[in-house]
Amino acid sequence: MDRYVNVPLSEKDAHSLKAGDYVYLTGTIYTARDAAHKRMQETLDRGEELPLKMENNVIYYMGPSPAREGRQIGSAGPTTASRMDKYAPRLLDLGLKGMIGKGKRSKEVADAIVRNGAVYFAAVGGAGALLSKSITSSEVIAYDDLGTEAIRRLTVNNFPVIVVIDAQGNNLYETATKKYCRE
Amino acid sequence: MRTVDVSVLTQNISEMCIEANHYLSEDMKTAFTEAQNREQAPLGRQILSQLQENMEIAEKDMIPICQDTGMAVVFLKVGQDVHFVGGNVEDAVNEGVRRGYVDGYLRKSVVRDPIYRENTRDNTPAIIHYSIIPGDRITVTVAPKGFGSENMSRVFMLKPADGIEGVKNAILTAVKDAGPNACPPMVVGVGIGGTFEKCALLAKEALTRPIDKHSEIPYVKELEEEMLEKINRTGIGPGGLGGTTTALAVNINTYATHIAGLPVAVNICCHVNRHAVREI
Ligand code: SF4
């Protein structure tokens, strides 16, 4: 089903999204990938404040290519989510409502998604030029020294994603692959 | 003897880094169109058409096809009658990569040390594979490699008794483990034979072969066709979201090996199978 949803993600929307839904996100999301997650984890370990609030927010696992003059961002597609599996459950328990990436998640992440009524979305991997067209602004808000791995606040307009793991724990990668398996 | 100034390498490599990250070769484009016609899953067809649209936008607006503009893998096949002047070849190659990535708005994805992980900020050093060939020409191939798919690549040290069935299993295992992580539809490069490092290099080189060209060895060609069909029956599909297009091609290279071994390397590449080739 096609859905148009605002981000940050409300409890209600997060719960109503189903694995397989094609969703257009509009609003504000944040980028973070490997190095930024490691730093956030260290920040939490020291008992300090994160550079962004987790509540109802959506993190996009993405490190863009540099923007040409006059543009907001370069190519901007998803990176492999499983590398963030080690860090994601803790952020979900702090209120993170959505993650956008590509690829499989661990059982611990799937459990944390269900426990917190969150959603894991996939964006189409390798479609960074196309996806950049739905990003209308981009601003580094933390860890500037990490270059492409800095945390960015993005404004998105009908950013296309697909629900892979929903708040009930359904997993599209498993069901869809089975459907077309001819082995 | 032919004298070549290394600055020629620098200039060509910088252009090729930019070219490879914005345009895919014709064989890849044709494969997308054919896949689009064959794909059975509606969502799969939708994703394939988005990937084609993505390629058009990349060319038209000069936005890299994928934000992971890769680590620059450079194959230099140097004629033995070439004499380089004007500096060190390795430095010249790295300077080409530096200029290409900095001037071409490509992402800098290389860290100096695998443990301390400080970004070098210019995507150097490149991974350079040299070989010496007859003649006085130089063939340069620049193949930026993304790590979503690189991370899913594998080396299997099989036993001779495992035979061709063992090879088939190894390929299928690697592809299934890769699944959605490697941005399917994939291109699968396979190296069979050689030693531990040789089979990996064979697999990497196989990815630079046009995907509409089969191996010239009859049984290897059959194996390429059979494996493509088997991979496309796994159901993984475009984006890993289900469908009948999991791979666009399987390219296999082979080499002699030891009486005690059967090394197999599977180098998975995503649909952004980039390479630019020039003869100098
Ligand atoms: S695996 Fe390929 S398509 Fe996917 S993000 Fe990496 S480079 Fe891009």
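From a predicted model like this one, the values you see are computed outputs, not experimental measurements. Excluded from the calculations below are hydrogen atoms, water molecules and symmetry mates; all remaining heavy atoms, backbone and side chain alike, are included.
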Seminar exercise, completed: Of A:Gly126, A:Gly128, A:Ala176, the largest count of non-hydrogen pairs under 4.5 angstrom with chain B goes to A:Gly126
Problem set entry | Atom NZ of A:Lys18: over 12 foreign heavy atoms under 6.0 Å | yes
Exercise. Looking at B:Cys270, B:Gly240, B:Gly148, which makes the most heavy-atom pairs under 4.5 Å with chain A?
Worked result: B:Gly240
Exercise. Given the options A:Arg182, A:Arg68, A:Glu174, which has more heavy-atom pairs under 4.5 Å with chain B than any of the others?
Worked result: A:Arg68
Problem set entry | Greater than 12 external heavy atoms within 6.0 Å of A:Asp144's CG | no
Exercise. Based on non-hydrogen pairs under 4.5 Å, which of B:Gly243, B:Ala58, B:Gly239, B:Pro184 is most in contact with chain A?
Worked result: B:Gly243
Problem set entry | Options A:Gly125, A:Ala67, A:Gly101, A:Ala35, ranked by heavy-atom pairs under 4.5 Å with chain B, top entry | A:Gly125
Exercise. Top residue by heavy-atom pair count (under 4.5 Å) with chain A, among B:Lys108, B:Lys230, B:Gln46?
Worked result: B:Gln46
For this session: Check whether any side-chain heavy atom of A:Ile162 lies under 4.5 Å from a side-chain heavy atom of B:Leu43, and answer yes or no.
Result: yes
For this session: Mark yes when over 12 heavy atoms from residues, nucleotides or ligands other than A:Glu55 sit less than 6.0 Å from its CD; otherwise mark no.
Result: yes
Problem set entry | Heavy-atom contact with chain A under 4.5 Å, split by part of B:Ile236 | both
For this session: Say whether, by atom type as modelled, one donor and one acceptor occur between the side chain of B:Gln67 and the main chain of A:Gly77 under 3.5 angstrom.
Result: yes
Problem set entry | Residue B:Met62 versus chain A: region with a heavy atom under 4.5 Å | both
Exercise. Looking at A:Gly20, A:Ala76, A:Ser82, which makes the most heavy-atom pairs under 4.5 Å with chain B?
Worked result: A:Ala76
Exercise. Any donor-acceptor pair under 3.5 Å linking the side chain of B:Arg233 with the backbone of A:Cys181?
Worked result: no
For this session: Might you confirm whether atom NZ of A:Lys179 has over 12 heavy atoms from other residues, nucleotides or ligands at distances under 6.0 Å?
Result: no
For this session: Taking the side chain as every heavy atom from C-beta outward, state whether A:Arg83 and B:Asn151 have any atom pair closer than 4.5 Å.
Result: yes
Problem set entry | A:Lys12 NZ: over 12 foreign heavy atoms closer than 6.0 Å | no
Exercise. Would B:Asn54 and A:Leu131 satisfy side-chain contact (heavy atoms from CB on, under 4.5 Å), going step by step from the backbone distance to the final call?
Worked result: CA-CA 8 Å; B:Asn54 183 62; A:Leu131 290 167; over 6 Å; no
For this session: Take A:Tyr180 and B:Thr234 through the test side-chain contact (heavy atoms from CB on, under 4.5 Å) and record every step on the way to the result.
Result: CA-CA 7 Å; A:Tyr180 290 95; B:Thr234 57; over 6 Å; no
For this session: Counting only heavy atoms closer than 4.5 Å, note whether B:Gln40 contacts chain A via side chain, backbone, both or neither.
Result: both
Exercise. Do the side chains of A:Thr79 and B:Asp68 get nearer than 4.5 Å, heavy atoms only?
Worked result: no
For this session: Answer yes or no: are there more than 12 heavy-atom neighbours, outside B:Arg112 itself, under 6.0 Å from its atom CZ?
Result: no
For this session: Ignoring hydrogens and angles, tell me if any N or O in the side chain of B:Asn181 forms a donor-acceptor pair with the backbone of A:Lys104 under 3.5 Å.
Result: yes
Problem set entry | Within 6.0 angstrom of A:Glu49 CD, more than 12 heavy atoms from elsewhere | no
Problem set entry | Donor-acceptor contact below 3.5 Å, side chain A:Arg71 vs main chain B:Ile63 | no
For this session: Let me know if A:Thr80 has heavy atoms under 4.5 Å from chain B in its side chain, its backbone, both or neither.
Result: side chain
Exercise. Between B:Leu106, B:Val272, B:Thr246, B:Thr244, which shows the greatest number of heavy-atom pairs under 4.5 Å with chain A?
Worked result: B:Leu106
Seminar exercise, completed: Here the pair of heavy atoms bringing B:Pro64 nearest to A:Ser75 is O-OG, 2.7 Å
Seminar exercise, completed: When the 4.5 angstrom heavy-atom criterion is applied to B:Lys176 and chain A, the contacting part is both
Problem set entry | Region of B:Arg121 in contact with chain A, defined by heavy-atom distances below 4.5 Å | side chain
Exercise. Charged N to carboxylate O under 4.0 angstrom, B:Asp61 versus A:Lys133?
Worked result: yes
Exercise. If only atom types and distance count, is the side chain of B:Asn119 paired as donor or acceptor with the main-chain N or O of A:Leu146 below 3.5 Å?
Worked result: no
Seminar exercise, completed: To the nearest 0.5 Å, atom CD of B:Gln50 lies from atom CG of A:Leu130 at 6.0 Å
For this session: For atom NZ of B:Lys168, decide whether the heavy atoms of other residues, nucleotides or ligands shown that lie under 6.0 angstrom number more than 12.
Result: yes
Exercise. Can you name the nearest heavy-atom pair linking A:Lys102 to B:Pro180, along with the distance?
Worked result: CD-O, 4.4 Å
